[in-house]
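Fair warning: this is a prediction, and the values are worked out from it, not measured in the lab. Residue numbers begin at 1 in each chain, while the letters A, B, ... track the order of the sequences.
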Amino acid sequence: MNLPETGFPMRAGLVTNEPASLERWAKAGLYEKLRRQRSDAPKFAFHDGPPYANGSIHLGHLTNKCLKDFVVRSQGLLGKDCPFVPGWDCHGLPIEHKVMGELIKSKKIKELEGLDAWERRARVRAECEQYARTYVELQSSQMVRLLTLADYAHPYLTIQPEFEKAVAEVLADLCARGLVYRALKPVHWSIANETALAEAELEYMDREDTSVFVDFEAADKEKVYDAFGISDADRPGQTPSFMIWTTTPWTLPANLALAVGAKFTYALARIDGNLTVVAEALLERVAKAAKAEDVHVLATTSGASLVGLKYRHPFLDTTPTGQECSDACWTVYDAEYVTLEDGTGLVHTAPGHGAEDYETGKRVGLPIYCPVLGNGVYDDSTPEWLRGQSIWKANDAITERLRHSGHLFHSEVFTHSYPHDWRSKTPVIFRCTEQWFVAIDGKYSIDGDEPRSLRERALWSVDASNPESVHFVPAWARNRLRGMLESRPDWCISRQRAWGLPIPAFHTEDGTAVMTPSLVRHMAEVFGVHGSDAWFTKSAAELLKGWDPASDADLPEALKGLDKATLRKGEDILDVWFESGATWNAVMRRRLGVFPVELYLEGSDQHRGWFQSSLACALGSVGVPPYKAVVTHGFMVDKDGQKLSKSRGDTIEALFTKYGSDVLRWWVASLSYENDAKVDDEFFNIAGEAYRKVRNTLRFMLGNLGDFDAAEMVDLKAIPGTSIDAWALEQFEELSRDVLAAYERYEFRVAHARLYAFCNDTLSAVYLAAIKDRLYCDPKDAPRRRRTQSVLHHVTDGLCRLLAPILPHTADEAYRALRRVPDEDVQASVHLEAALGATGVRADARWPRVMDMRDKALAAIEQARGPADKGGLGIDNPLDAGVSLPSSDGILDGFDPVDLADLLGVSLVSVSPGGAEVVVTDRRSEQRCERSWKRDGTVRPRSDGGLLSDRDAEALGLS
RNA sequence: GGGCUUGUAGCUCAGUUGGUCAGAGCGCACCGCUGAUAACGGUGAGGUCACAGGUUCGAAUCCUGUCAGGCCCA
């Protein structure tokens, strides 16, 4: 008897054995070795999007990191060279915020307060860098433990000088295209610290404010009456007003427009004598608030018919454009954000003091007017009675003024939740500041092509009718990206922080910003050599050594003679999205020398993030999208499909030790990743079960190859097509084709399902069951046994390779077990292999029909198991049965009856050429071979006294 | 509130351009094997295809709306 024997254990012990594999791969230098080995192979350029270097890896990263590794390893399997440089996003507010918090907590902040602004920033940056590097280390080790294959020895970090240089290069390109401009934009502003604040730096606290209902007199009363359809005879002589409600009276000096909702209904009403326009639905509440007694509606009309009407400002005579409401200012517009929640349904709009107001202002062409200085007082553009006054005090002054001039309908004090500066705990305001923008609609031309804007180029690059368009998986991702591109406003790329890449702009003494392409290119070189810290430690003159204003063609004539020493460094840093948007340049184009890249693969949130920022940067810089294909995956949700709570569940380390990476990866491979995936412990357990099944199939095959040497391999393509070995081999080659095709299309779920089904159905249930008899009982060297082992070896080898992208540890373990590689030999690895090629074997074309007959026969055998009164024969063990198979039109001609019997698990099969039905017979009266347990009709006592069949007697050398 | 997206057996999912199936795996139940054994094999039960309308000779598959989720905005 040749029973299975293998060192490949049934129990995986992933918790200890995976780290051993990692160590082995590290010793062998697997990543570098693979690169060398594939140096002449076609390249597959795959680019890692940088996760943020903050915190530990969690479930959300699991899909992303596994899917990426599936790509890397499956491309290797397909014979490609797929270098993969992992990256981290290291700059940005979350880290700076965290670091500042720690500095405050540890009182170290006090040490910094005495320093000058640049020194202080440099110190904070040093802390931030340390913080980021700590998390890069942590995450990197976790990703390694997840068995992902990447150049972890040489990651890209957005804080590396060469990376910073590459980002600045892209910025220089955009400048050269004329896409970068400076303009006003409202931001959260802390008056106490005179600085812009980000969302994360706000604390919402209750605050008491005065809210006012203000009447804005119509500029042309007749037009208002027209809008309400009031006939000439019915028109009152009085001039009607538009009533607004605001909680920030101090922004009224900056009022430039009113907004209404086009689809709402507005009433022209007389409220205690006031003739005013208010949303119909809010009229009652407004009247009640002011305790008005006499309310009478004259007429109603839609918001749409109010659009375009003009009004007079309650206390200003001229707009900031110097005109008297003949321009775009002081007009009623339609805006989507108008609601009937509260107020009057007419919204006071000050583009310099609100985000939505700003958008409206941009849309209809209003100036972005902000009469408030950084320290919170009005500037000289305001009326004398406001000039130099603090806005908080002005609230009262303005309210009083309105009251006296009869514009104040009502005012009341009330408490609401209001944003405060997290450090000074003082209320924050919206204030316009100068920011850097990338123009989305500015046309430019590259290499003399037709001038088109970033938006046009981006839309075209994702347009399905463009033959060179980006490929999207899943297909709807195209629409999602397009929708966002269509509506996105200009990109604000500046931030008022320290932890980031400085925007290399300088300012002349009169405040003019200087940032020419060649100046930025010069600074790119400086960053490349000294890192961006140089911006904080060196003077403008030092930084600009080597840049000659006189020969800078883009510098206005007036500035050509400027003295570099008089320039002041800009204090803005770049939006981190700009940095990650330029990774293709730093990592792929400059470092690896490939552009554009084959594939970007990220979560669906990156439609707004990385996919878009990368596209904008590349189109502006090179004119070509950075990626040829984009794959997106969904998010992790809990068991019930709800958003995953941050505090939930296990740490990633706990998952490693509880299940092992191969099990986690097997689970990820099973996901339809384009949708959201539910996570739960139970699912990992299920994945573990499936993993064990695959493992056991491998183990059984390895066991039966324990005495087989690859040198004994028979010529596979010479195997007769009617043999079950040819069938199995062909099944494997079909599997291989399907799995490789699925890998090529990033359909890991399909590959996963095919592999699992092949192990269970094709192998475990059919082929392995059928060949057991010959493997166990044929003489060791019998041609039939060696032939089967040859196929088994080939299939095992091939299967390991196909599994390798998903189960890197287990596949390698099995691959090495198959070759009996000693532990100390670290070189052999399945991950260096490509998939097996086709052998050219041709299984008989009748096999599908033979398998159909097998199904029928199995059903008949199942039937025969039942007791006699249920039409059965009472046969429990299939080996107690014999089967006669019908072979109409010669379907079974040339097939070996022993193969057929093994395929059915019965003792004997006879072929009946004229038969029509499968006939099962009871063979329990026949002798049973002690060795093979078959009752094949040749069993008789042998010379040693045992009851054996002919085959088994021969195997034992008995007669 | 808007853009994109999901809702098919207890669970995870397949179901191409509307008309042979309402399918697979897991789980569950029952049975076999005991020379893959903390394994292996076989059989079976389970669904008004989220809900409500509509188009059609006919819809899980097309349209509209509702409900419940997800991502990103507002």
Charged N to carboxylate O under 4.0 angstrom, Lys185(A) versus Asp490(A)?
no
With sugar-phosphate meaning primed atoms plus P, OP1 and OP2, does Arg482(A) contact a base, only sugar-phosphate, or nothing at under 4.0 Å between heavy atoms?
nothing
Could you give the CG-to-P distance, from Asp681(A) to U12(B), as a whole number of Å?
15 Å
Scan Asp640(A) against the nucleic acid and name what it touches under 4.0 Å (heavy atoms): base, sugar-phosphate only, or nothing.
nothing
Taking atom P of C73(B) as reference, at what distance in whole Å does atom CD of Glu359(A) sit?
14 Å
Say we look at U61(B) and G46(B): how far apart would their P atoms be, to the nearest angstrom?
24 Å
With a cut-off of less than 4.0 Å, is there a side-chain N or O of Lys678(A) near OP1 or OP2 of U12(B)?
yes
Go ahead and name the base partner of C51(B); Watson-Crick or wobble counts if both distances stay under 3.5 Å, otherwise write none.
G65(B)
Is there a side-chain hydrogen bond (donor to acceptor under 3.5 Å, both in side chains) between Arg478(A) and Ser469(A)? Walk through the geometry before answering.
CA-CA 10 Å; Arg478(A) 180 191 302 279; Ser469(A) 121; 2.8 Å; yes
Roughly how far apart, to the nearest Å, are U8(B) and G47(B) at atom P?
15 Å
Give a yes/no on whether any side-chain N or O of Arg754(A) is located under 4.0 angstrom from OP1 or OP2 of A24(B).
no
Nearest-nucleotide pick for Met1(A), side chain only, options being A36(B), U37(B), G35(B)
G35(B)
Expected output: side-chain Arg482(A) to main-chain Val462(A) donor-acceptor under 3.5 Å
no
Using whole Å, what does the distance between atom P of nucleotide U43(B) and atom CG of Asp761(A) come to?
11 Å
Partner of Val637(A) by side chain to side chain contact (heavy atoms under 4.5 Å, CB included), out of Val679(A), Leu644(A), Asp676(A):
Asp676(A)
Rounding to the closest angstrom, what is the interatomic distance between A24(B) and U17(B) at atom C1'?
23 Å
Would you indicate which nucleotide in A74(B), G25(B), U34(B) comes nearest to any side-chain atom of Arg928(A)?
U34(B)
Nearest-angstrom distance, C1' atom, G54(B) to G15(B):
24 Å
Say you pick atom P in U66(B) and the same atom in G3(B); how far apart are they, in whole Å?
12 Å
Select base, sugar-phosphate, or nothing to describe what Gly634(A) touches, counting heavy atoms under 4.0 Å on all strands.
nothing
When you compare A45(B) with G23(B), how far apart are their C1' atoms, in angstrom units rounded to a whole number?
16 Å
Which residues in residues 8-17 of chain A have at least one heavy atom lying under 4.0 Å from any atom of RNA chain B?
Met10(A), Arg11(A)
Please work out which of the three classes, parallel, tilted or perpendicular, describes the rings of Phe264(A) and Tyr266(A), given edges at 30° and 60°.
tilted
Scan every strand shown for a Watson-Crick or G-U wobble partner of A38(B), both distances under 3.5 Å, and answer none if you come up empty.
none
What is the distance from OH of Tyr776(A) to C1' of U34(B), rounded to the nearest Å?
12 Å
Should Arg784(A) and Asp899(A) count as an ion pair when the cut-off is N to O under 4.0 Å?
no
Return yes if some donor-acceptor pair links the side-chain N/O of Asp952(A) with the main-chain N/O of Leu948(A) below 3.5 Å, else return no.
no
So does Glu747(A) pair up with Arg754(A), basic N to acidic O under 4.0 Å?
no
Quick check on RNA chain B: between Ala677(A) and Arg865(A), whose nearest nucleotide comes earlier from the 5' end?
Ala677(A)
So do Arg928(A) and Leu947(A) actually touch side chain to side chain, heavy atoms under 4.5 Å?
no
Write down the distance between CG (Leu858(A)) and C1' (G44(B)), rounded to a whole number of angstrom.
15 Å
Across the strands shown, which category fits Asn696(A) at heavy-atom distances under 4.0 angstrom: base, sugar-phosphate, nothing?
base
Heavy-atom side-chain proximity of Thr810(A) to Trp666(A) below 4.5 angstrom:
no
Partner residues of Arg865(A) under the salt bridge (Lys or Arg N to Asp or Glu O under 4.0 Å) criterion, sequence neighbours left out
Glu862(A)
Under a 3.5 Å cut-off for both distances, is C28(B) Watson-Crick or wobble paired, and to whom?
G44(B)
Quick one: is Lys643(A) getting a side-chain N or O under 4.0 Å of the C71(B) phosphate, OP1 or OP2?
yes
Is the base of G46(B) syn or anti, where syn means the angle lies within 90° of 0?
syn
Considering every strand shown, what is the Watson-Crick or G-U wobble mate of C71(B) when both distances are under 3.5 Å?
G3(B)
On RNA chain B, does the nearest nucleotide to Arg931(A) precede the nearest nucleotide to Met636(A) from the 5' side, or the other way round? Give the residue.
Arg931(A)
Classify the nucleic acid contact of Lys772(A) as base, sugar-phosphate or nothing, counting any heavy atom under 4.0 Å across all strands shown.
base
Looking across every strand, which nucleic acid part, if any, lies under 4.0 Å from Glu682(A) by heavy atom: base, sugar-phosphate, or nothing?
nothing
Given atom CD of Gln863(A) and atom P of C31(B), what is their separation to the nearest angstrom?
18 Å
Using the C1' atom as the point on both nucleotides, what is the distance between G18(B) and U55(B), in whole Å?
12 Å
N/O donor-acceptor pair, side chain Ser764(A) with base A36(B), under 3.5 angstrom
yes
Given protein heavy atoms under 4.0 Å, the one-letter contact record of nucleotides 2-9 of chain B, with B base, S sugar-phosphate only and - none, is simply -BSSS---
Round to the nearest Å and state the distance from Asn877(A) atom CG to C40(B) atom C1'.
14 Å
Just wondering, more than 12 heavy atoms not from Glu954(A) lying within 6.0 Å of its CD?
no
Whole angstrom is fine here: how far is it from CD1 in Ile771(A) over to P in G41(B)?
14 Å
Distance between the C1' atoms of C57(B) and U5(B), in whole angstroms?
34 Å
Classify Ala769(A) by what it touches in the nucleic acid, base, sugar-phosphate, or nothing, heavy-atom distance under 4.0 Å.
nothing
Of all the nucleotides listed (A36(B), G70(B), U34(B)), which has the minimum atom distance to the side chain of Asp676(A)?
G70(B)
Using a cut-off of 4.0 Å on non-hydrogen atoms, how would the nucleic acid contact of Glu930(A) be classed: base, sugar-phosphate, or nothing?
base
Are Asp725(A) and Arg774(A) packed together at the side-chain level, in the sense that at least one heavy-atom pair is separated by less than 4.5 angstrom?
yes
Give a yes/no verdict on base stacking between G35(B) and Trp933(A): centres under 5.5 Å, planes within less than 30° of parallel.
yes
Looking at the side chain of Phe635(A), which of G42(B), C71(B), A36(B) is the nearest nucleotide?
C71(B)
